[in-house]
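Report on the following structure.
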Amino acid sequence: MYKQFDEILTRINDGKLWDFPGGVSPQGKKELSNTTDIDRLPLPKELYVTVKQHIGVEGHVEVEEGQQVLKGQLLTKSMNPFAVPVHAPTSGKIKSISPHVSAHPSGLPKLTITIEPDGLDKWTEMTPLSNYTELPKIKTVEAICSAGISGMGGAGFPTHIKASPKKDVEFLIINGVECEPYISSDDRLMREHAWQIRQGIDVLSHLLTPKKVIIAIEDNKPEAIKAMQVTCQEQDNYIVSPIPTKYPAGGEKQLIQVLTSREVPKQGLPVDVGVIMQNVGTCFAIADAVYTGKPLVERVVTLTGEALNAPRNVWALIGTPIEHLLKQADYQEKRQRNSKVIMGGPMMGFAVASEQVPVIKTTNCILVPADKELPEIGDEQPCIRCGACADACPASLLPQQLFWHSKAKELDKAQDYNLFDCIECGACAFVCPSEIPLVHYYRIAKSEIHNQELEKDQADKARERFEARKLRLVREQQEREEKHRKAAEARKQAMSSDKGDAKDKIAAALARAKAKKAAASDEAADASPEVTGKQDKVAAAVARAKAKREAAKQSTDSEATTDTAEQPVDKKDKVAAAVARAKAKREAAKQITDAEATTDTGEQPQDKKDKVAAAVARAKAKREAAKQSTAHQADATTNDMQQTDTDTSVQAEPTQPMSKQDKIAQAIAKAKAKRDAAKAQQQEQDEK
Amino acid sequence: MTIFWALVALSVLALIFGLILGYAAIRFKVESDPLVEQIDEILPQTQCGQCGYPGCRPYADAIANGDDINKCPPGGDATIKKLADLMGVEAKPLDAAHGEEDVKKVAFIREDECIGCTKCIQACPVDAILGAAKQMHTVLSEECTGCDLCVEPCPVDCIDMVPVADTPASWRWQLDNIPIKQV
């Protein structure tokens, strides 16, 4: 049932509105903070400006540590349309750019620019756009974007995107409802700065050209309604519409429903039903940005709760730590058993992780309740299926079903019950007689689903890369084969083209090889250990191969052929092999250390060689260790078989100490290599 | 005579339908087994090989051919549940022989110790390690699937598997502050 513009207009003019389903009526408690003027506070010692304070992407930090900045100076910048810059809230020095506890329920650190104020509060140069009506609209949108304005009602959606919609706008709704208990920042702002809010509305209606502008205010704020009516009386197109007090009438979708009876489609935006909604605080900031060129560096924050002696509304610089605000409001610690500070209201706010959490652009309230005021939530009782939550739900969902499925981690089913249409207003948990923290369950389920989607994306990316790599490997293989084939062809051709020449070349190569061999044998006389080492190695390898073959044979028919004569021979082979191996290794280790001892430590390449040698030694050690551990197991099994024959077992024993010696030798070699490397490095440094 | 015409009519019809079917077989040809695709969609794509197959796709093939669905430790119980739903079989607990479910990790190279041997680069199934011979290597942690395959080949043991840190974006709400009591 989609109501047409004229019908809606006549009803609003008559003061007859629609209603949204559900809703609750908690105690307002606004009189705690809405009776005094918005106060100005002294500067805090430090300001923590979080780089990303809105929904979207963060910008690049444009300043450096130690740099002096002026009030209103740009701190971040980005070309991304979903990025909103942040500005220095006062003049001073950038103390650090590092992660700091964030204004998020998790309290996990986020990148933050810490500014130490110099007390001068000196503004940077400002460029107002007072003749904005004569300029192209894009200039004004740009000014709004570069002033760092994002929705100040709670969600923090970038305002410049909402100010340049792709569709026609019938209604521009200015949201001054402020339905959540305790909060009175918009109320005070409307009472004291109605003119400036109207200026902001003027800018927005110039940009959006709506057919009608509705300023919606809950009827529990008569002073604010009066103030807005006075300021808007000369504008025919503006209408101030008091709406009945009911929580959560200030929710975007609920307010649209109350005023127009239109419902924002699932996963849609208000502009899909011809509506754009802006918060009054946002309008105030837009007027600042366009008429004076001031970026968004401060906002009204309600300090309230019975644990504060001086609850009131204050102008808080973005980045002010909560600790400073609490001190200014005369926080009485003894009225709380466990320290509890809530950012936002009692229905949708969250307990902050620390008192160093900074104020961000969406912070509208700091609530510090006394123990008797907001009692701790009791233990969760079983659901009694009373259905009160379904009656209270403003989005017409089935909170019980959502609760079952979220609790059982049946995320598909929870989504079938439209989990993502839940606005997390907390009305269901408020009415629940079993004190079930329903919204918590929904939030857990939602974040679970988000993470699963994220993992799915990552899995898709990984699959793509895996497949690309497989293709690349195949292609490389083919290219290699092709190259080899071509090289072979070229060789063949060269051979056939001039045979004589090729033969000469071969002869020359043979001669060269011979000469080399001769030289090597000469060298062998000098460095006999190397040759013997090599020979040992070869012998060892042959022995090993033999032993392996024998072992294999033995294992296959150990039961069938228990030839006692053959076994000792086999064992001997093994032992010989082990001895040979050990010798070879010792030789190798000695060579390495010898080589290192004689190296000219000043030379660079030698140093590198040392490192490589060390790495190789380590690698060998690793491999050996792995091999030995398997060998031990094998030994253990063979030992059982061998125990009958005492002679052989005695013979076999020496292999064990040998391997230990190996290990020791290796360890020594490694240690030596390391020491040498270190020494070489030091000498090198000394030389430098 | 009527029998003759009946036969003619039937054979003409058969010919026409045959042509239509033949054309449809070419026009709407399915490239590969869609079941394998569906299974592959569910698998976590770490390409770690813990299931005993060289990658997720081969394991998907094997599942389609009747292999067990509980051999994927990175996917854990959630993946097994989804596979059970898809294949219409009972969900089984994870086969411990193939490893245990663990928190998500990514590889990290201690860069001072890296000797630039490129062995880890060759082992990485998703090309998430960057580097060249005798140059320091580093892991693109965004692309790393945490498959563990680069740790073994490293000759100097300079690769660690570090758990992924929580960010406000990936943080899960906890109910820890609400003690749950059995009644």
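Residue numbers start from 1 in every chain, and the chains themselves are labelled A, B, ... in the order their sequence lines are given, proteins ahead of strands.
For the set A:Glu464, A:His450, A:Lys409, A:Glu448, the count of heavy-atom pairs under 4.5 angstrom toward chain B peaks at A:Glu448. Looking only at heavy-atom pairs under 4.5 Å with chain B, the residue among A:Ala468, A:Ala459, A:Pro109, A:Ser102 that has the most is A:Ala459. Note on A:Gln452, A:Lys110, A:Lys446, A:Arg443: by heavy-atom pairs under 4.5 Å with chain B, the leading option is A:Arg443. Note on A:Ser106, A:Ser447, A:Ala462: by heavy-atom pairs under 4.5 Å with chain B, the leading option is A:Ser106. Counting heavy-atom pairs under 4.5 Å between each of B:Cys124, B:Gly55, B:Ala128 and chain A puts B:Cys124 at the top.
Without hydrogens or angle criteria, A:Arg463 side chain to B:Asp40 main chain gives a donor-acceptor distance under 3.5 Å.
Between the CD atom of B:Gln122 and the CZ atom of A:Arg469 there is a distance of 8.5 Å, given to the nearest 0.5 Å. Atom NZ of A:Lys470 is separated from atom CD of B:Gln47 by 7.5 Å, given to the nearest 0.5 angstrom. A:Gln458 contributes atom CD, which lies 5.0 Å from atom NZ of B:Lys104 (distance to the nearest 0.5 angstrom). Atom-to-atom distance recorded for A:Lys461:NZ and B:Thr145:OG1 is 11.5 Å, nearest 0.5 angstrom. Interatomic distance, CZ of A:Arg472 versus CG of B:Asp127, reported as 4.5 Å (0.5 Å rounding).
Neither the backbone nor the side chain of B:Cys144 comes within contact range of chain A, judged by heavy atoms closer than 4.5 Å. Residue B:Pro44 touches chain A through its backbone alone, counting heavy-atom pairs closer than 4.5 Å. Only the backbone of B:Pro54 comes within less than 4.5 Å of a heavy atom in chain A; its side chain stays farther off.
Smallest separation of non-hydrogen atoms from A:Arg465 and B:Val126: NE-O, 2.8 Å.
In this structure, B:Leu10 places its CG atom where more than 12 heavy-atom neighbours from other residues, nucleotides or ligands lie under 6.0 Å away. Taking a 6.0 Å sphere around CD of B:Glu142, one finds it holds 12 or fewer heavy atoms contributed by other residues, nucleotides or ligands. In the displayed structure, A:Lys413 atom NZ is contacted under 6.0 Å by at most 12 heavy atoms of other residues, nucleotides or ligands. Remark: B:Glu100 CD is loosely packed, at most 12 non-hydrogen atoms of other residues, nucleotides or ligands lying under 6.0 Å away.
With salt bridges taken as basic N to acidic carboxylate O contacts below 4.0 Å, none links B:Arg57 and A:Glu467.
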